[in-house]
**Q** 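Below is one structure. I have some questions about it.
We number each residue from 1, following the sequence as shown. Counting convention: from 1, in listed order, for ligands and their atoms alike. Side chains included, hydrogens not; waters and symmetry mates left out as well; all remaining heavy atoms used.
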Amino acid sequence: MAERTGGGRTAIVIGGGLAGMLAVTALRGHVDAITVVERDRYPAEQVFRKGVPQARHLHVLLSGGQRALDELLPGTVAALTEAGARSLSMPRDLVTRTPTGWQRRFDDRRHPALSVTRPVLDAVVRERVLRAAAESPTRVEVLEATEAVGLTGDARRVTGVTVRSRSGEGGARPERMLPADLAVDASGRASRTPQWYAALGREAPREEKVDSGLAYATRMYRPSDPAAEPEIGVNVPCWPACPRGAAYVPVEGGNWLLTLSGVRGHHPPTDEAEFIAFSATVGDPYVHELLAGAEPVSPVHGFRDTCNRRRRFERPGAAPEGFLVLGDANCTFNPVYGQGMSVAALGALALRDTLADSGPLRPGATARAQRAVSRAAEPAWRAAIGADRPYTGDGDSTVGLGERLTTWYIERLSARAAVDRVVGGAFRDVFCLTAPPSRLMAPRILLRTVFLPRRPGLPRPPAAVERA
Ligand SMILES: Cc1cc2nc3c(=O)[nH]c(=O)nc-3n(C[C@H](O)[C@H](O)[C@H](O)COP(=O)(O)OP(=O)(O)OC[C@H]3O[C@@H](n4cnc5c(N)ncnc54)[C@H](O)[C@@H]3O)c2cc1C
């Protein structure tokens with residue numbers, strides 16, 4: 001039986017994770033009532049919960065994502081810093097080993113990466129979203145321990161969401177229908193929208209996938225002597241000739257997260273002894289050396305599904321009226337590029353701005369908003385699939401000359417960026433999602449990238465910051 005969530009214009013957000021909370025912020029003021037359907041019960045403390053399995057792994061929020069977050073919810077970056085998030089300017093406080101050597105440690109502070117565990121990030125954002133909502137005219141209700149199991153309506157229009165409670169021991173858990181003028185799928189990587197489409201009599205949306213086959217394994221550490229904590233975060237990503245990587249960064253509470261990664265055939269182990277041994281086999285021994293001064297404070301956790309996958313809901317006719325998809329449900333990225341949360345924030349911002357122009361309930365409004373959300377994901381998508389193509393090993397004949405050229409150019413540009421202040425600055429502007437990819441084709445960048453001779457990076461991680 002259908003229930004009404006109150007009078008006026010209503011929206012349902014499926015998933016109360018990061019994208020779901022930011023969707024609430026974007027919709028606030030445009031509808032009278034929002035119901036968030038979240039399958040987990042939120043923990044009282046800032047701790048891991050099952051619905052966000054990737055939360056055990058290293059997460060940094062890029063500067064582009066921070067800007068979007070602060071635009072949606074002013075003061076959130078400061079609140080995260082207050083909660084202990086570490087701000088690591090790249091490459092000043094977070095250095096990368098590239099295939100040609102270590103990046104120079106330029107004193108560039110335009111792109112701080114916010115390093116914090118997901119439970120803290122999610123809890124701070126959620127608390128601020130719900131507080132702002134309580135002070136707004138839009139009524140917001142969160143149905144915790146409640147799972148969305150389908151959409152109602154027909155192939156042309158979604159009219160609500162079917163939900164089922166997950167609370168209580170055993171017993172029948174009847175489904176009920178929540179009607180809404182707008183339903184937003186923010187249920188993350190495990191979104192079931194393609195299956196729900198089939199039940200509505202729609203074809204699944206077109207899907208694009210580029211899978212490097214990367215897997216993660218992560219463990220939390222604590223420096224044995226806090227006074228001797230490493231001065232910089234370190235990133236030793238995989239590259240084609242060295243398919244194993246490591247990243248070691250500080251988070252809140254004096255802890256550090258070590259994430260090991262490896263492409264097909266080189267997946268990092270979750271066995272504790274093998275995990276340490278693997279850390280010695282990545283492209284540089286520096287991270288392994290740092291571990292001598294740290295104690296593990298958590299088990300090792302693995303994660304395998306790191307595919308770049310985009311569903312094309314923005315294509316003409318690809319989504320029914322009254323339905324939108326945001327965050328990982330729309331587009332997931334190889335996490336090694338640290339883009340997913342930023343894209344969720346940029347998508348929510350695009351949604352808010354589109355609604356401000358057209359309102360959510362006019363004919364065609366959701367399609368317009370979906371196009372804006374997808375446009376916001378496009379630069380990160382291009383960057384991730386361009387960088388991952390060399391690992392797919394599928395000799396994909398559908399890859400056009402344009403994408404091959406992009407992969408070649410980006411490989412050359414990232415080598416140059418490690419040693420060149422100007423190219424490095426432009427590279428970070430784009431990869432931190434603060435400037436359009438066209439910045440990388442500016443004449444000055446193009447000339448330096450293509451015509452200056454290749455130079456190796458530094459042989460050791462740089463101890464000192466290079467002032468201008
Ligand atoms: C290993 C790993 C590392 C990553 N590192 C980074 C990083 O460094 N930087 C970065 O920006 N991004 C990173 N990401 C990406 C980032 O985790 C996601 O982009 C981000 O969590 C997307 O937010 P979301 O709200 O769409 O999904 P999620 O955060 O996954 O939230 C989905 C929510 O929906 C709920 N839900 C699911 N199904 C239902 C249902 N049927 N009914 C009700 N509720 C439901 C879940 O319980 C959860 O609360 C990483 C991803 C992985 C896998």
**Q** May I ask you to identify the nearest protein heavy atom to atom 30 (O) of ligand 1, giving residue, atom name and distance to one decimal place in Å?
**A**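 Ranking protein heavy atoms by distance from atom 30 (O) of ligand 1, first comes Q54 NE2, 3.2 Å.
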
**Q** Specify the closest pair of heavy atoms between L326 and A348, including all atoms of both residues, with the distance to one decimal.
**A**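 Closest pair (atom of L326, atom of A348, distance): CD1-N, 4.0 Å.
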
**Q** Is it true that R118 lies under 4.0 Å from ligand 1, counting heavy atoms only?
**A** yes

**Q** Does even one non-hydrogen atom of A186 get within less than 4.0 Å of ligand 1?
**A**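 Heavy atoms of A186 do come under 4.0 Å of ligand 1.
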
**Q** Which residue owns the protein heavy atom closest to atom 27 (O) of ligand 1, what's the atom, and how far is it?
**A** G188 CA, 3.5 Å

**Q** Quick one: which ligand 1 atoms are inside 4.0 Å of a heavy atom on F303?
**A** 53 (C)

**Q** Provide the number and element of each atom of ligand 1 under 4.0 Å from a heavy atom of R49.
**A** 47 (O), 48 (C), 49 (O)

**Q** Return yes if some donor-acceptor pair links the side-chain N/O of R126 with the main-chain N/O of M21 below 3.5 Å, else return no.
**A** no

**Q** With a 4.0 Å cut-off on heavy atoms, is L61 touching ligand 1?
**A** no

**Q** Is the shortest distance from a heavy atom of T146 to ligand 1 less than 4.0 Å?
**A**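 T146: in contact with ligand 1 (<4.0 Å).
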
**Q** Under a 4.0 angstrom heavy-atom cut-off, which atoms of ligand 1 come close to G327?
**A**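 By the 4.0 Å cutoff, the relevant atoms are 26 (O).
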
**Q** Check whether more than 12 heavy atoms from other residues, nucleotides or ligands sit under 6.0 Å from atom CZ of R156, and answer yes or no.
**A** no

**Q** Judging by distance only, is a nitrogen or oxygen of V52 under 3.5 angstrom from one on ligand 1?
**A**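 In this structure, V52 places no N or O atom under 3.5 Å from an N or O of ligand 1.
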
**Q** Does A190 come within less than 4.0 Å of ligand 1, judged by its heavy atoms?
**A** no

**Q** Please write down residue, atom name and distance for the protein heavy atom closest to atom 40 (C) of ligand 1.
**A**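 The answer is A148 N, 3.8 Å.
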
**Q** Counting non-hydrogen protein atoms only, what is the nearest one to atom 31 (O) of ligand 1? Give residue, atom name and distance.
**A** G17 CA, 3.8 Å

**Q** Can you confirm, on distance only, whether ligand 1 has an N/O atom lying under 3.5 Å from any N/O atom belonging to Y216?
**A** no

**Q** Output every pair passing ring-ring contact (aromatic ring centres under 6.0 Å, His included) with a member in residues 51-76, not counting sequence neighbours, ordered by first then second residue.
**A**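 Listed once each, the pairs are H57-Y216, H57-F303.
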
**Q** Evaluate R189 for polar contact with ligand 1, using N/O atom pairs at a separation under 3.5 Å.
**A** no

**Q** Among protein heavy atoms, which sits nearest to atom 3 (C) of ligand 1, and what does the distance come to when rounded to 0.1 Å?
**A**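 I find the closest protein heavy atom is P335 CB, 3.2 Å.
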
**Q** Given E38, M341, R304, which one has a non-hydrogen atom that is nearest to atom 35 (C) of ligand 1?
**A** E38

**Q** Which bit of S342 gets closer than 4.0 Å to ligand 1, counting heavy atoms only: side chain, backbone, both or neither?
**A** backbone

**Q** Check whether any N or O atom of L18, backbone or side chain, sits under 3.5 Å from an N or O atom of ligand 1, and answer yes or no.
**A**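 In this structure, L18 places an N or O atom under 3.5 Å from an N or O of ligand 1.
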
**Q** R352: what forms a salt bridge (charged side-chain N to carboxylate O under 4.0 Å, His left out) with it, not counting sequence neighbours?
**A**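 Expected list: E71.
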
**Q** Looking only at protein heavy atoms, which one is nearest to atom 5 (N) of ligand 1, and what is the separation?
**A** L58 O, 3.3 Å

**Q** Does the N or O separation between W196 and ligand 1 drop below 3.5 Å for any pair?
**A** no

**Q** Compute whether any side-chain donor of one residue and acceptor of the other, for T76 and R128, lie under 3.5 angstrom apart.
**A**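 Yes.
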
**Q** Which residue supplies the protein heavy atom nearest to atom 17 (O) of ligand 1, what is that atom called, and how far is it?
**A**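 Closest protein heavy atom to atom 17 (O) of ligand 1: H59 NE2, 2.8 Å.
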
**Q** Could you verify whether a donor N or O on one side chain and an acceptor N or O on the other, from R244 and T281, lie under 3.5 Å apart?
**A**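 A pair is found: one side chain offers a donor N or O, the other an acceptor, under 3.5 Å apart.
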
**Q** Test of understanding: given a 4.0 Å heavy-atom threshold, classify the contact between A344 and ligand 1 as side chain, backbone, both, or neither.
**A** neither

**Q** Taking 4.0 angstrom as the limit and counting only heavy atoms of G338, give me the atoms of ligand 1 inside it, by number and element.
**A**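 Selected atoms, number and element: 7 (C), 8 (O), 9 (N), 10 (C), 11 (O).
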
